[in-house]
Amino acid sequence: MKITFFSTKPYDKLFFNKYNKDFGFELEYYETHLGPHIVNAIDQTDAVCVFVNDKVNAEVIKVLATKSVKTIALRCAGFNNVDLEAAKANGINVCRVPAYSPEAVAEHAVAMILTLNRKTHKAYNRVREQNFSLNGLLGFNLFEKTVGVIGTGNIGHAFCKIMLGFGCKVLAFDLIANKELESLGVSYLPITEILPQADIISLHCPLTEQTHHLIDTETISMLKKGMMLINTSRGGLIDTNAIIKALKSQQIAYLGIDVYEQEEKLFFRDLSSNIIEDDTIQRLMSFPNVLVTAHQAFFTEEALSKIATVTLQNVDELLNNKILTNKAALLA
Ligand code: NAI
């Protein structure tokens, strides 16, 4: 049985080849994104394996069905880039890796907070040039600060626990309150009550119609002046143009983003010799208080191992009509 991979990087091949020894699939790797531009060119295959920026819309799915594809396997948790209704209509299963390492993403969100706050990236460069001055490196204690967490699923849950460990007051908003977090001291409040109180807000909800541009001009106007916003979820959760205005007015004093609405044209590539046409990301990167990482929150040894094993297991179980071990993996 064959699995065709898209958006493949060297590290994907490394981990999938290693764990495929237990499954014995034929693995075919494409570096390009899956999308309408390439789908006609692929050979017959049993499953396609895609990542966050592959475009698996109705047009692509219709062609996949003609190539005998029975399973679309997402090697990530988010699935906003796949048309699930079109997959169901064409009899194609869709699976994902629901919780490969929530800690990996939560810890990266914390790394962004600490970098923006304590400016270790600046200190590193400074000291290497024998500049031992502290001017401009002033930070603040996380202890006793108020942290707002939007979405307390797998990642938000891990993030809340870390922030409680720093001695922060943690306020959360989710459609369902998590009892364990409440018992640990997290308070669930309506989002409109969290926005004005939080010194730091971290977004951990999925991108849906309801959460698209959750942070826009209206919600920004409710934020505590001088706050820090962290987004490791999906770029579409924030209206970037509204954020740029808020950074200019200093309503938002620190921004850490691991995701960006137009990231598919930029992230996961070396564009160091190219002219970047996206003026919005260039403007964002020009602020000294903005930290952009290129969708790397998931990128740990443990997470890549789990992604490879769970994806191969999902495909094996779906293609061979076995009972799915991980029920939450099945989307369609
Ligand atoms: P999850 O499904 O475990 O948790 C999501 C939580 O958000 C749930 O508790 C859900 O009730 C809540 N939620 C849904 N709609 C909401 C709304 N309108 N308002 C508030 N809360 C809402 O997902 P998980 O694993 O925690 O991942 C969260 C997101 O993180 C994913 O959807 C994905 O987009 C992103 N992600 C980013 C990665 C990266 O490398 N930057 C890696 C993995 C995931």
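Indexing begins at 1, ligand by ligand and atom by atom, following the structure's order.
Less than 4.0 angstrom separates some heavy atom of A297 from each of these atoms of ligand 1: 39 (C), 40 (O), 41 (N). Less than 4.0 angstrom separates some heavy atom of T152 from each of these atoms of ligand 1: 9 (O). The ligand atoms of ligand 1 that sit less than 4.0 angstrom from a heavy atom of T211 are 17 (C), 18 (N).
No more than 12 heavy atoms of other residues, nucleotides or ligands sit less than 6.0 Å from atom NZ of K179. Atom NZ of K145 sits in a crowded spot, with more than 12 heavy atoms from other residues, nucleotides or ligands closer than 6.0 Å. Other residues, nucleotides and ligands contribute more than 12 heavy atoms inside 6.0 Å of the NZ atom of K122.
Atom 4 (O) of ligand 1 has as its closest protein heavy atom G153 CA, 3.2 Å. Protein heavy atom nearest atom 22 (C) of ligand 1, with residue, atom name and distance: C205 CB, 3.7 Å. Among protein heavy atoms, the minimum distance from atom 36 (N) of ligand 1 is reached at R234 NH1, 3.8 Å. Protein heavy atom in closest approach to atom 28 (C) of ligand 1: H204 O, 3.4 Å.
Using 4.0 Å as the threshold, L175 has a heavy atom nearer than that to some atom of ligand 1. For T232, the closest heavy-atom approach to ligand 1 falls below 4.0 Å. Heavy atoms of Y100 approach ligand 1 to within less than 4.0 angstrom. Within the 4.0 Å heavy-atom shell around ligand 1 one finds P98. Using 4.0 Å as the threshold, A99 has no heavy atom nearer than that to any atom of ligand 1.
Contacts between H157 and ligand 1 below 4.0 angstrom, taking non-hydrogen atoms only, are absent altogether. Under 4.0 Å from ligand 1, the heavy atoms of D258 that appear belong solely to its side chain. Looking at T208 against ligand 1, nothing comes within 4.0 Å, counting heavy atoms. The proximity of I155 to ligand 1, defined as any non-hydrogen pair under 4.0 Å, involves the side chain as well as the backbone.
Side-chain contact check for N17 and Y29: at least one donor-acceptor pair (N or O, by modelled atom type) lies under 3.5 Å.
Partner T4 forms a side chain to side chain donor-acceptor pair (under 3.5 Å) with one of Q44, K67, E28 and no other, that one being E28.
For the atom pair CG (L207) and CG (N80), the distance works out to 4.5 Å, reported to the nearest 0.5 Å. Separating the SG atom in C95 from the CG atom in L330 is a distance of 7.5 Å, to the nearest 0.5 Å. Going from atom CD of E59 over to atom CG of D83 covers 11.5 Å, rounded to the nearest 0.5 Å.
M222 is not listed as a side-chain neighbour of Q197, based on a closest heavy-atom distance of 4.5 Å or more. Residues T293 and H108 meet the side-chain proximity criterion, which asks for heavy atoms closer than 4.5 Å. Using a 4.5 Å cut-off on side-chain heavy atoms (C-beta onward), F15 and E301 make contact.
Ligand 1 has no N or O atom lying under 3.5 Å from any N or O atom of Q296, backbone or side chain. For a threshold of 3.5 Å applied to N or O pairs, the pair formed by G78 and ligand 1 contains no separation below that value.
Using a cutoff of 4.0 Å between basic side-chain nitrogens and carboxylate oxygens, D278 and K265 are not scored as salt-bridged.
Of the listed options P102, A328, A104, P206, P206 places a heavy atom closest to atom 5 (C) of ligand 1. Closest to atom 30 (O) of ligand 1 by heavy atom, among A294, G236, S233, is S233. For atom 10 (C) of ligand 1, the nearest non-hydrogen atom from the set D174, I257, L203 belongs to D174.
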For N314 and T311, run side chain to side chain donor-acceptor pair (under 3.5 Å): C-alpha distance rounded to whole Å, both residues' side-chain angles, the deciding distance at 0.1 Å, then the answer. CA-CA 5 Å; N314 287 341; T311 302; 5.4 Å; no

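Taking the six-membered ring wherever Trp is involved, the centroid distance between the rings of F51 and F298 falls below 6.0 Å.
Within a 4.0 Å radius of atom 18 (N) of ligand 1, the protein has at least one heavy atom. Put simply, atom 40 (O) of ligand 1 has protein non-hydrogen atoms near it, under 4.0 Å away.
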